[in-house]
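Some notes on the structure that comes next.
Ligands are counted one by one from 1 in listed order, and the atoms in each one are counted from 1 as well.
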Amino acid sequence: MSLQSTQSGDGSRTAPPVTVLGVPFDLGADRHGVDMGPSAIRYGGLSAALDAAGVDYADAGDLAVPTLRTRADEATDESDAKHLDGVAEMTETLADRVDRALGEGTVPLVLGGDHSIAMGTMRGAARAGPLGVVWFDAHGDYNTPTSSPSGNVHGMPLAAAHGYGDFAEMPWATASNVVEENTVIVGARSLDRDEQAVLRDSDMSVFTMSDIDSRGIGPVVEEALDIATDGVDGVHVSLDLDWLDPEDAPGVGTPVPGGVTYREAHTAMERVADRDAAESALRSLDVVEVNPVLDTRNETGEKAASLAATALGKQIL
Ligand SMILES: NC(=[NH2+])NCCC[C@H](N)C(=O)O
Ligand SMILES: [Mn+2]
Ligand SMILES: [Mn+2]
């Protein structure tokens, strides 16, 4: 199976094609509406942006996953993490679909949905071999059912992928080829107390907003990519739209003031694209947490579309 981009006869690089997968999933979060994220990103100009980037893509439509709406009549489960059975079903479905997209020689671009969908993307992508992760997020998403203050699984996907804590007993949730040393969180500014302790002691790297303030977005993302790609042959990039400042991206369920600007986010995605052009580093990408119900005229959906295209090579000139 070839995951690498191909080298054309004249020596120029041809980027691998992209499979767009919508995952209208919201069982990992409290705020209704994030299930409409894939529609909002598509309506926000995704295909035009990918065309402008010269990306060869196919939109595979939306995956069939359970949602708050389809489960409205069901009693909520009593566990510390809400809707874990629904998350398990989504994870399995998405992992298989991502695996298939990779097997076809494409890079999956997964549109969320709340951030728990990254469990499925990483589980699928990691089947192809050891995987680094760059997690652009206001949050650490390193809670467990025991430590979570909310019980919302969108605050847990990184811990789940690593099989950390309670997740050690949930093999369905883990992505065993995700390498902890190659896992990097960028732009964190809202960490729960237990998350702080775990992240400090772990082999992961965390660049906070204050690192970005003092060093600048470009150098921070370059170092994050160095760490994530070191010794592995692919990275998963996960872009939570709440990474951006709520002034720039209001359509998210858990906004945190003090985030990166839209321009800084583009710079970050440009660095991802540059690294991919040089090293074929990008195995998979997900763009999550866009909630059009909370948005202003689909501003966040449009920005998500544009940022995704930039990560896949769209340039200004
Ligand atoms: N992907 C996200 N937006 N996660 C938000 C998590 C918020 C908080 N840390 C929690 O566990 O509930
Ligand atoms: Mn997140
Ligand atoms: Mn977040």
- Message: Under 2.8 Å from the Mn ion (ligand 3), is there any N, O or S atom belonging to Glu289?
- Response: no

- Query: Hey, is His154 touching ligand 1 through its side chain, its backbone, both or neither, going by heavy atoms under 4.0 Å?
  - Reply: both

- Message: With rounding to the nearest 0.5 angstrom, report the CG to OG distance, Asp59 to Ser47.
- Response: 8.0 Å

- With no hydrogens and no angle check, do the side chains of Asp137 and His115 hold a donor and an acceptor under 3.5 Å apart? yes

- Heavy-atom nearest neighbour in the protein, as seen from atom 8 (C) of ligand 1, with distance rounded to 0.1 Å: Asp192 OD2, 3.5 Å

- Message: Counting non-hydrogen protein atoms only, what is the nearest one to atom 7 (C) of ligand 1? Give residue, atom name and distance.
- Response: His139 CD2, 3.8 Å

- Query: Backbone, side chain, both or neither: what part of Val252 comes under 4.0 angstrom of ligand 1, heavy atoms only?
  - Reply: neither

- Note on the structure: for atom 12 (O) of ligand 1, nearest protein heavy atom and its distance come out as Ser150 OG, 2.5 Å

- of all protein heavy atoms, closest to atom 4 (N) of ligand 1 is Asp141 OD1, 3.0 Å

- Task: Decide salt bridge (Lys or Arg N to Asp or Glu O under 4.0 Å) for Arg275 and Asp226; before the verdict, give the C-alpha distance in whole Å, the side-chain angles of both, and the deciding distance to 0.1 Å.
- Result: CA-CA 9 Å; Arg275 189 65 66 104; Asp226 289 344; 2.9 Å; yes

- Asp233 with Arg283: basic N within carboxylate O range, under 4.0 Å: yes

- Item | Heavy-atom closest pair, residues Gly259 and Arg189 | CA-CZ, 3.2 Å

- Message: Restricting to N, O or S, what is the name of the atom of Asp141 that lies nearest the Mn ion (ligand 2)?
- Response: OD2

- Query: Can you tell me the protein heavy atom closest to atom 6 (C) of ligand 1 and the distance?
  - Reply: Gly155 CA, 3.7 Å

- Query: Measuring to the Mn ion (ligand 2), does His115 have an N/O/S atom at a distance below 2.8 Å?
  - Reply: yes

- Task: With heavy atoms of Asp240 as the reference, note each atom of ligand 1 found under 4.0 Å away.
- Result: 1 (N), 2 (C), 3 (N)

- Under 2.8 Å from the Mn ion (ligand 3), is there an N/O/S atom belonging to His154? no

- Task: Tell me which N, O or S atom of Asp137 sits nearest to the Mn ion (ligand 3).
- Result: OD1

- Query: Relative to the heavy atoms of His115, which atoms of ligand 1 are at a distance of less than 4.0 Å?
  - Reply: 1 (N)

- Note on the structure: In short, Ile217 meets Ile212 closest at the heavy-atom pair CD1-CD1, 3.9 Å

- Note on the structure: Note: ligand 1 atoms sitting under 4.0 Å from heavy atoms of Glu289 are 1 (N), 2 (C), 3 (N)

- Item | Nearest atoms (heavy-atom pairs only) where Arg123 meets Pro171 | NH1-O, 3.0 Å

- Using the six-membered ring wherever Trp is involved, compare the ring planes of Tyr142 and His162 and label them parallel, tilted or perpendicular (cut-offs 30° and 60°). tilted

- Query: Backbone N or O of His32 within a donor-acceptor pair of the Asn291 side chain at under 3.5 Å?
  - Reply: yes

- Protein heavy-atom partner closest to atom 11 (O) of ligand 1 - residue, atom, separation in Å: Asn143 ND2, 2.9 Å

- Task: Please find the N/O/S atom of Asp240 nearest to the Mn ion (ligand 3) and write down its name.
- Result: OD2

- Backbone of His154 reached by a side-chain donor or acceptor of Asn152 within 3.5 Å: no

- Message: Keeping Thr106 on the side-chain end and Ala101 on the backbone end, is there a donor-acceptor pair under 3.5 Å?
- Response: yes

- Message: I'd like to know if the side chain of Glu289 reaches the main chain of Leu241, judged simply by a donor and an acceptor atom lying under 3.5 Å from each other, with no hydrogens or angles considered.
- Response: no

- Say whether Asn152, considering both its backbone and side-chain N or O atoms, lies within less than 3.5 Å of an N or O atom on ligand 1. no

- His139: its N/O/S atom lying closest to the Mn ion (ligand 3) (atom name): ND1

